[in-house]
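Comments concern the structure below.
We're numbering straight along the sequence, starting at 1.
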Amino acid sequence: QTQVKEFGGDSVQAGGSLRLSCVVHGRFYSRLCMGWFRQAPGKGRQGVAVVDSDGNTIYIDSVKGRFTISKDNAKNTLYLDMNSLKPEDTAMYYCAADCPPDMPAIQALGAEAAYPYWGQGTQVTVSS
């Protein structure tokens, strides 16, 4: 059984940095498509960053240049390095795994339903 677990959420001040980690137990392989999504209070869940099966990455415009997604296949772990955090980054962050291997990153960023495995989320709060 595949399980996904996020770590690293915290409360920080604007301008600070955090690293989120996502460990996958069970179904993990080097070409696993994975992504980070977030949901702010009162809003729907949105894709933040994705790494597809070919290793291509994509980000939503609001985090480009500040966030970096990466995957360590030896550790079955996905990361999201977040720098220059802003109050509008405050949200519950979710890790999702195993979107279809032929799905390009740009499509996977907006395709929540394509991911069968999700973590419980980790809270990121950025104060001004």
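- Residue pairs meeting the side-chain hydrogen bond (donor to acceptor under 3.5 Å, both in side chains) criterion with at least one partner in residues 113-124, sequence neighbours excluded, are Q123-T125.
- When hydrophobic side chains of Ile, Leu, Val, Met, Phe, Trp and Tyr are connected at separations under 4.5 Å, F7 ends up clustered with V23.
- The two residues T68 and Y59 come nearest to each other via the heavy atoms CA-OH, 3.4 Å.
- Applying the side-chain hydrogen bond (donor to acceptor under 3.5 Å, both in side chains) test to every pair with at least one member in residues 15-24, sequence neighbours left out, gives these pairs: S17-N83, R19-D81.
- Using a 4.5 Å heavy-atom cutoff, the side chains of V48 and I69 are not in contact.
- When side chains are defined from C-beta on, Q39 does not count as touching Y93, because their heavy atoms never get closer than 4.5 Å.
- Here the side chain of S84 pairs no donor or acceptor atom with the backbone of G15 at under 3.5 angstrom.
- You'll find the side chain of V51 stays beyond 4.5 Å of the side chain of N56, heavy atoms only.
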Go through it in stages, so that I can follow the logic: the residues are L78 and L20, the test is side-chain contact (heavy atoms from CB on, under 4.5 Å), and I'd like the CA-CA distance, side-chain angles, deciding distance and then a yes or no. CA-CA 8 Å; L78 180 75; L20 303 184; over 6 Å; no
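- The ring-ring contact (aromatic ring centres under 6.0 Å, His included) search around Y79 returns none, not counting sequence neighbours.
- Remark: the backbone N or O of C22 is not paired with any side-chain donor or acceptor of E6 at under 3.5 angstrom.
- Residue pairs satisfying the ring-ring contact (aromatic ring centres under 6.0 Å, His included) criterion with at least one member in residues 16-35, sequence neighbours excluded, are absent.
- Scanning both residues, I58 and A105, for their nearest heavy atoms gives CG2-O, 3.5 Å.
- In this view, Y94 satisfies the side-chain hydrogen bond (donor to acceptor under 3.5 Å, both in side chains) rule with no residue, not counting sequence neighbours.
- Taking every heavy atom of both residues into account, D52 and C33 meet most closely at CA-SG, 4.1 Å.
- Residue pairs satisfying the salt bridge (Lys or Arg N to Asp or Glu O under 4.0 Å) criterion with at least one member in residues 96-105, sequence neighbours excluded, are listed as follows: R27-D98.
- C99 approaches A108 most closely through the heavy-atom pair SG-CB, 3.9 Å.
- L109 and M103 are members of different hydrophobic clusters when ILVMFWY side chains are connected at heavy-atom separations under 4.5 Å.
- Taking both residues in full, the closest heavy atoms of S127 and P87 are given as C-CG, 4.5 Å, listed atom of the first, atom of the second, then distance.
- Under the side-chain hydrogen bond (donor to acceptor under 3.5 Å, both in side chains) criterion, N76 pairs with no residue at all, not counting sequence neighbours.
- Clustering ILVMFWY residues whenever any of their side-chain heavy atoms sit less than 4.5 angstrom apart, transitively, puts V12 in the very cluster that holds V63.
- Side-chain contact between Q46 and I60: present, with at least one pair of heavy atoms (C-beta onward) separated by less than 4.5 Å.
- Contacts of K43 classified as side-chain hydrogen bond (donor to acceptor under 3.5 Å, both in side chains), with partners at least two apart in sequence or in another chain: none.
- Listed by first then second residue, pairs satisfying salt bridge (Lys or Arg N to Asp or Glu O under 4.0 Å) with a partner in residues 104-128 read R45-E112, not counting sequence neighbours.
- In this structure, D10 has no side-chain hydrogen bond (donor to acceptor under 3.5 Å, both in side chains) partners at least two apart in sequence or on a different chain.
- Residues in residues 65-76 take part in these salt bridge (Lys or Arg N to Asp or Glu O under 4.0 Å) pairs, two or more places apart or across chains: R66-D89.
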V24/T77 under side-chain contact (heavy atoms from CB on, under 4.5 Å): CA gap, chis, key distance, verdict: CA-CA 6 Å; V24 178; T77 302; over 6 Å; no
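- For the residue pair M34 and C95, the shortest heavy atom distance occurs at CE-SG, 3.7 Å.
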